[in-house]
Chemist: 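Structure below; questions to follow.
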Amino acid sequence: MAMKTQQLVNFKLQPALSECVLHRKRLHQAWLEALDFDALTGATGATGATLNDDEVRTLDQLVFRFGRLQDAIGTRLLPALLQVIQEWRDNEPFLDKLNRAEKLGLLPSAEQWQLLRELRNQTAHEYPEQPQLVLENLRRLVSHVPTLEQACQQLADAAQQRIDLLK
């Protein structure tokens, strides 16, 4: 059994953790830059149309990394961690896995996770005919980056503890 756990760590948990750390680092940098954009802070007269090319690139990076981090957590890190601690059930709905992760202290909140998923989906699509909707979605996403980072950190800490136990 120890060999199987070690293989799970080496081939699933450790690579998933490394991927999440990378996405989180890049997301955080884009988030820090975006915090000062007039269009996102609600500065008087600022709209999505006032974003310059550099700001648009930063927001593209932020949206991309938010989605990639959440995907990596949900499809790689969380499943690998649940498998390592023997709490994974193959045919179980993902919501049940989220609730179990919350109960085990791996995630701050299954409900927050669903909100983050909704934000990710809302910002993954462009609505050129509705620039105010796009801007509001971006503002909401930016305001929830710390929530995603907290979830990532909590899972990363739990994963690192498991990795350290097997050394």
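When a residue number appears, it is its place in the shown sequence, counting from 1.
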Chemist: With heavy-atom distances below 4.5 Å as the criterion, would you say the side chains of Asn137 and Leu141 are in contact?
Modeler: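 Result no, sub-4.5 Å side-chain heavy-atom pair not found.
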Chemist: Salt-bridge test for Asp96 and Arg89: reply yes if a basic N is under 4.0 Å from a carboxylate O, no otherwise.
Modeler: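 Not counted as a salt bridge, because no side-chain N and carboxylate O are separated by less than 4.0 Å.
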Chemist: Looking at Arg162 and Asp157, is there a salt bridge between them, counting it only when a charged N and a carboxylate O are closer than 4.0 Å?
Modeler: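 Answer for the salt bridge query: no.
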Chemist: So does Phe37 get a backbone contact from the side chain of Glu55, meaning a donor-acceptor N/O pair under 3.5 Å?
Modeler: no
Chemist: Measuring from Gln83:CD to Thr5:OG1, what's the distance to the nearest 0.5 Å?
Modeler: 10.5 Å
Chemist: Working note: Arg26 + Leu22, criterion side-chain contact (heavy atoms from CB on, under 4.5 Å); need CA distance, chi angles, decisive distance, verdict.
Modeler: CA-CA 6 Å; Arg26 293 184 176 155; Leu22 177 67; 3.4 Å; yes
Chemist: Look at the side-chain heavy atoms of Ile, Leu, Val, Met, Phe, Trp and Tyr, link any pair under 4.5 Å apart, and say whether Phe64 and Leu32 land in one connected group.
Modeler: no
Chemist: Please check if any side-chain donor atom of Gln29 sits under 3.5 Å from a side-chain acceptor atom of Arg65, or the reverse.
Modeler: no
Chemist: Would you sort out whether Leu98 and Phe94 count as a side-chain contact (heavy atoms from CB on, under 4.5 Å), showing the intermediate values?
Modeler: CA-CA 6 Å; Leu98 286 174; Phe94 190 69; 3.6 Å; yes
Chemist: Atom CG of residue position Asp53 - does it have more than 12 heavy atoms of other residues, nucleotides or ligands inside 6.0 Å?
Modeler: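 No, the 6.0 Å shell around CG holds no more than 12 heavy atoms from other groups.
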Chemist: For the residue pair Ala159 and Leu81, what are the closest heavy atoms and their distance?
Modeler: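 Minimum heavy-atom contact is CA-CD1, 3.9 Å.
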Chemist: Do you reckon Ile73 sits in the same ILVMFWY cluster as Phe11, going by side-chain contacts under 4.5 Å, direct or chained?
Modeler: no
Chemist: Between CD1 of Ile85 and CZ of Arg100, what distance do you get to the nearest 0.5 Å?
Modeler: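 That separation rounds to 9.0 Å.
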Chemist: Using side-chain heavy atoms (C-beta onward) and a distance below 4.5 Å, is Ile163 in contact with Leu17?
Modeler: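 Of all side-chain heavy-atom pairs linking Leu17 with Ile163, at least one is under 4.5 Å.
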Chemist: Using 0.5 Å steps for rounding, measure from the CD atom of Glu92 to the CG atom of Asn99.
Modeler: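 Those atoms lie 9.0 Å apart.
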Chemist: Would a 4.5 Å heavy-atom cut-off, applied to side chains only, mark His144 and Leu116 as touching?
Modeler: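 Result yes, sub-4.5 Å side-chain heavy-atom pair found.
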Chemist: Using a 4.5 Å cut-off on heavy atoms from C-beta on, say whether the side chain of Trp113 contacts that of Leu148.
Modeler: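 The answer is yes, as the side chains (C-beta and beyond) meet within the 4.5 Å cut-off.
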Chemist: Are any of the side-chain heavy atoms of Pro15 and Arg76 separated by less than 4.5 Å?
Modeler: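 Side-chain contact under 4.5 Å: yes.
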Chemist: Side chains of Glu102 and Lys97: closer than 4.5 Å at any heavy-atom pair?
Modeler: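 No, too far: nothing below the 4.5 Å cut-off.
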Chemist: Could you go through Glu149 and Gln153, starting from their C-alpha distance and side-chain angles, then the distance that decides it, and tell me whether this counts as side chain to side chain donor-acceptor pair (under 3.5 Å)?
Modeler: CA-CA 6 Å; Glu149 288 183 323; Gln153 188 62 52; over 6 Å; no
Chemist: Group every Ile, Leu, Val, Met, Phe, Trp and Tyr by side-chain heavy-atom contacts under 4.5 Å, then state whether Leu135 and Leu133 land in the same group.
Modeler: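 Linked, Leu135 and Leu133 end up in one cluster.
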Chemist: side-chain contact (heavy atoms from CB on, under 4.5 Å), that's the test. Do Asp71 and Arg117 meet it? Break it down for me.
Modeler: CA-CA 9 Å; Asp71 287 345; Arg117 191 70 181 169; 2.6 Å; yes
Chemist: Which distance, rounded to the nearest 0.5 Å, do you find between the CG of Leu27 and the SG of Cys20?
Modeler: 11.5 Å
Chemist: So among Asp36, Thr41, Leu40, which one has a side-chain contact (heavy atoms from CB on, under 4.5 Å) with Asp38?
Modeler: Thr41
Chemist: Test of understanding: clusters of I, L, V, M, F, W, Y form through side-chain heavy atoms closer than 4.5 Å, transitively. Do Trp31 and Val134 belong to the same one?
Modeler: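 Yes, one cluster joins them.
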Chemist: Step by step, work out the side-chain contact (heavy atoms from CB on, under 4.5 Å) result for Val145 and Phe66.
Modeler: CA-CA 7 Å; Val145 166; Phe66 190 98; 4.0 Å; yes
Chemist: What are the two closest heavy atoms between Gln154 and Gly105, and how far apart are they?
Modeler: NE2-O, 2.9 Å
Chemist: Within the supplied structure, the quantity of interest is the number of heavy atoms (other residues, nucleotides, ligands) at a distance under 6.0 Å from Glu87 CD; does it exceed 12?
Modeler: yes
Chemist: At what distance, to the nearest 0.5 angstrom, does CG of Leu78 lie from CG of Leu106?
Modeler: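 The distance works out to 7.0 Å.
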Chemist: Taking atom types as modelled, is there a side-chain donor on Glu33 or Thr58 under 3.5 Å from an acceptor on the other?
Modeler: yes
Chemist: Decide yes or no for Trp88 and Leu8: does some side-chain heavy atom of the first lie under 4.5 Å from some side-chain heavy atom of the second?
Modeler: no
Chemist: With a 4.5 Å limit on heavy-atom distance, are the side chains of Leu138 and Val63 in contact?
Modeler: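 Side chain of Leu138 against side chain of Val63, heavy atoms only: contact under 4.5 Å found.
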Chemist: How far apart are the closest heavy atoms of Ala72 and Glu19, and which atoms are they?
Modeler: CB-OE2, 3.6 Å
Chemist: Hydrogens and angles aside, do Gln122 and Glu118 bring a side-chain donor and acceptor to less than 3.5 Å of each other?
Modeler: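 There is such a pair (donor and acceptor under 3.5 Å, judged by atom type) between the side chains of Gln122 and Glu118.
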Chemist: Restricting to non-hydrogen atoms, name the atom on Ala34 and the atom on Leu59 that form the minimum distance, rounded to 0.1 Å.
Modeler: CB-CD2, 3.9 Å
Chemist: Can you tell me how far apart CG (Leu13) and CD (Gln6) are? Round to the nearest 0.5 Å.
Modeler: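 Reported value, rounded in 0.5 Å steps: 10.5 Å.
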